[in-house]
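Just below is one structure, and these are the notes that go with it.
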Amino acid sequence: MKSAVTTFANQKVLVLGLGMSGVNAARLLNRLGALVTVNDKQKFDDNKAAQSLLADGIKVITGSHPVELLDEHFALMVKNPGIPYSNPMVQRALELKLPIITEPELAFEVSDANWIAITGSNGKTTTTTLIGLMLNEGGKHAYDAGNIGIPISQVTQTAGPDDTIVAELSSFQLAGTTTLHPHIAVLTNIYEAHLDWHGSRANYVAAKMKITANQTAQDDFIMNWDLPEMHELAKQSHATIVPFSRQGAAGARATLTAGWLCFDGEQIVPAADLQIPGTHNIENALAAIAAAKLSGVDNAAIARVLRRFTGVKHRIQYVTTIAGRKFYNDSKATNVEASSVALNAFTQPIVLLAGGLDRHLPMDDLVPLFKNKVRSIVTFGQTAPLIEAAAKQAGVPVQATKDVTTAVPLAFAASEPGDVVLLSPAAASWDQFPNFEVRGDAFITAVKQLEGEQA
């Protein structure tokens, strides 16, 4: 962290919403001498985070978001990324022309580390993890942080000028950035996602593109050149464009060529050596290779990482094999595109567990995949009827159940030796679980229980 940050000293700052990012932002601001007020809608008696901050001497207001709080003339609002701009508190702050940022922006403003920032609809966490592993394997000192589950405002207090922060950034986080300026930015892909929050696809894309908004020609912007939209979006960036391509797109620097993952024509590792399944993970690996090579990591270190990396938890994560059936946890697949990627990752017949929060998005794109890839489907949650309709259209047997826990034995009963039993919900978890991690953990627990029963 910069040694003499005075920007926030004696400034009244409102931290709106807690969670890990809010707690760490509040603590960082307090350390920097700001006059911090935290406002969270969860009641104080049930709010351990608020209790902890109060014990540290930070002012906390809980139980609601009182708009009149903004009459206290704050200099800045640090907003929880998940709170939409339609929130009355945020709307009032905008009317008052109060600057509103998210926690990554705060972290960047006080950081003196090198930054590599990663965003995209899918593949962010895998790519972020790979880059961090490659840099550390290559003798660099890197910290993974951000949407991956580690607050950047926590990491930035440790990371120094010789270190690299590898930051996974969601569209929610990027929407609240103004000065963010990574030396290397990565955009894995863009699909339909979070439109209920952003209001339109144009807003969603604009939020993603904030990752490169302050880059210059001395910086690098790694983009997926297999997607035509990227060629147009690249024109909005002042950075040096570094394309990657799995499909042989002209001009790409990180490529899949004759079965090898390459950079600038140099063979690094055979694609067959990757431990993570699916063509999407070849794309994630290519993006990570580009970032690592631009950071000075040698080919041997990159190859070692790719040969031993078995995946990120909840992202097509291998769990176990029971009676010839391989179980995979892809709870992070919170939209149709992510589940499509997972279904395409396997050549074996699939018994699919799917369902979750109904965002009123169509499931039609899953029909051909169901028809060609899936033996049977077990549904749960609010989207169960939508998935059932798609399954029937594809001619695939389907049955509904209460939740992911009860779905596991039903899926096992519907499977045969050699099948893949895959949790890939195609929907968010919030109808039944607080987040996709809890949903994935429930699946793993149920699978382990089934394994014990079958032993």
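Residues in residues 376-390 take part in these side-chain hydrogen bond (donor to acceptor under 3.5 Å, both in side chains) pairs, two or more places apart or across chains: Glu388-Lys392.
The shortest distance between side-chain heavy atoms of Ile184 and Ile222 falls below 4.5 Å. Using a 4.5 Å heavy-atom cutoff, the side chains of Asn39 and Val15 are not in contact. Using a 4.5 Å heavy-atom cutoff, the side chains of Ile350 and Arg375 are not in contact. For the pair Leu422/Val351, no side-chain contact is recorded, criterion being any heavy-atom separation below 4.5 Å from C-beta on. Looking only at side-chain heavy atoms (C-beta outward), Val38 and Leu18 come within less than 4.5 Å of each other. Put simply, the side chain of Val166 reaches to within 4.5 Å of the side chain of Ile118, judged on heavy atoms. Contact check for Ile165 versus Ser111: side-chain heavy atoms found under the 4.5 Å cut-off. The shortest distance between side-chain heavy atoms of Leu410 and Gln399 falls below 4.5 Å.
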Should Glu451 and Arg325 be marked as a salt bridge (Lys or Arg N to Asp or Glu O under 4.0 Å) after you check the CA-CA gap, both sets of side-chain angles, and the distance that decides it? CA-CA 11 Å; Glu451 186 174 34; Arg325 289 87 159 165; over 6 Å; no
side-chain contact (heavy atoms from CB on, under 4.5 Å), that's the test. Do Asn284 and Ile276 meet it? Break it down for me. CA-CA 10 Å; Asn284 295 336; Ile276 44 179; 5.9 Å; no
For the pair Gln247 and Ser245, evaluate side-chain hydrogen bond (donor to acceptor under 3.5 Å, both in side chains) and give the outcome as yes or no after the intermediate values. CA-CA 5 Å; Gln247 300 174 0; Ser245 171; over 6 Å; no
Criterion salt bridge (Lys or Arg N to Asp or Glu O under 4.0 Å) on Asp441 and Lys313, from CA distance to verdict: CA-CA 9 Å; Asp441 288 340; Lys313 192 175 183 182; 3.0 Å; yes
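Taking NE2 of His280 as the reference point, atom CD1 of Ile316 lies at 3.0 Å (rounded to 0.5 Å). Taking OH of Tyr318 as the reference point, atom CG of Asp330 lies at 16.0 Å (rounded to 0.5 Å). Distance CG/Asp298 to NZ/Lys293: 7.5 Å, rounded to 0.5 Å. If you take CG on Leu361 and CG on Asn335, they are separated by 8.5 Å, rounding to the nearest 0.5 Å. To the nearest 0.5 angstrom, Asn122 atom CG is 5.0 Å from Asn189 atom CG. Rounding to the nearest 0.5 angstrom, the gap separating the CZ atom in Arg307 from the CD atom in Gln275 is 10.0 Å.
With hydrogens and angles ignored, the 3.5 Å screen pairs no side-chain donor or acceptor of Thr334 with any backbone N or O of Ala428. Using modelled atom types, one side-chain atom of Asn136 and one backbone atom of Ala142 make a donor-acceptor pair closer than 3.5 Å. Using a distance-only test at 3.5 Å, with no hydrogens or angles considered, no donor-acceptor pair links the side chain of Gln348 to the main chain of Lys373. Put simply, the side chain of Ser171 never gets that close to the backbone of Tyr204: no donor and acceptor are under 3.5 Å apart. Checked by atom type and distance alone, the side chain of Asn344 pairs as donor or acceptor with a backbone atom of Ser340 at under 3.5 Å. Between the Thr156 side chain and the Ile152 main chain, no donor and acceptor come within less than 3.5 Å of each other. Using modelled atom types, no side-chain atom of Asp431 and backbone atom of Gly381 make a donor-acceptor pair closer than 3.5 Å. Asn281 contributes a side-chain N or O that, together with a main-chain N or O of Pro277, makes up a donor-acceptor pair within less than 3.5 Å.
With Glu229 as reference, Arg201 is the one residue of Lys208, Arg201, Lys235 to meet the salt bridge (Lys or Arg N to Asp or Glu O under 4.0 Å) rule. Under the side chain to side chain donor-acceptor pair (under 3.5 Å) rule, Thr178 has a single partner from Lys210, Glu105, Glu109, which is Glu105. The side chain to side chain contact (heavy atoms under 4.5 Å, CB included) test with Arg246 is passed by exactly one of Asp226, Asn224, Thr255, Leu261: Asp226.
Checked by atom type, the side-chain pair Asp40/Asn47 shows a donor-acceptor distance below 3.5 Å. Side-chain contact of Asn435 with Ser429: a donor-acceptor pair under 3.5 Å is absent, judged by distance alone. Side chain to side chain, Gln215 and Thr212 meet the donor-acceptor criterion of an N or O pair below 3.5 Å. No side-chain donor-acceptor contact under 3.5 Å links His183 and Asn114. Side-chain N/O atoms of Arg439 and Ser331 include a donor and acceptor closer than 3.5 Å. Remark: the Asn299 side chain and the Glu266 side chain contain an N/O donor-acceptor pair separated by less than 3.5 Å. Judged purely by distance below 3.5 Å, without hydrogens or angles, the side chains of Asn24 and Ser153 never pair a donor atom with an acceptor atom.
Between Phe108 and Trp115, the ring planes are perpendicular. Angles over 60° get that label, and only those under 30° would be called parallel.
Judged by the 6.0 Å and 45° rule, Arg253 forms no cation-pi pair with Phe244. A cation-pi contact links Lys79 to Tyr85, judged by a cut-off of 6.0 Å to the six-membered ring centre and 45° from its axis.
Within 6.0 Å of atom NE2 in His238, 12 or fewer heavy atoms from other residues, nucleotides or ligands are found, so the atom counts as exposed in its surroundings.
Residues Thr102 and Gln173 share a closest heavy-atom pair of OG1-O, 2.6 Å. The nearest pair of heavy atoms linking Thr188 to Ser121 is OG1-N, 4.3 Å. Counting all heavy atoms, side chain and backbone alike, Phe443 lies closest to Val319 at CE2-CG2, 4.3 Å. What you find for Thr240 and Ala217 is that their closest heavy atoms are OG1-O, 2.8 Å. Scanning all heavy atoms of the two residues, the minimum distance from Ala234 to Met223 falls at CB-SD, 3.7 Å. Across every non-hydrogen atom of Ala391 and Ile377, the tightest pair is CB-CD1, 3.7 Å.
For Phe346 and Tyr328, the ring centers are positioned less than 6.0 Å apart.
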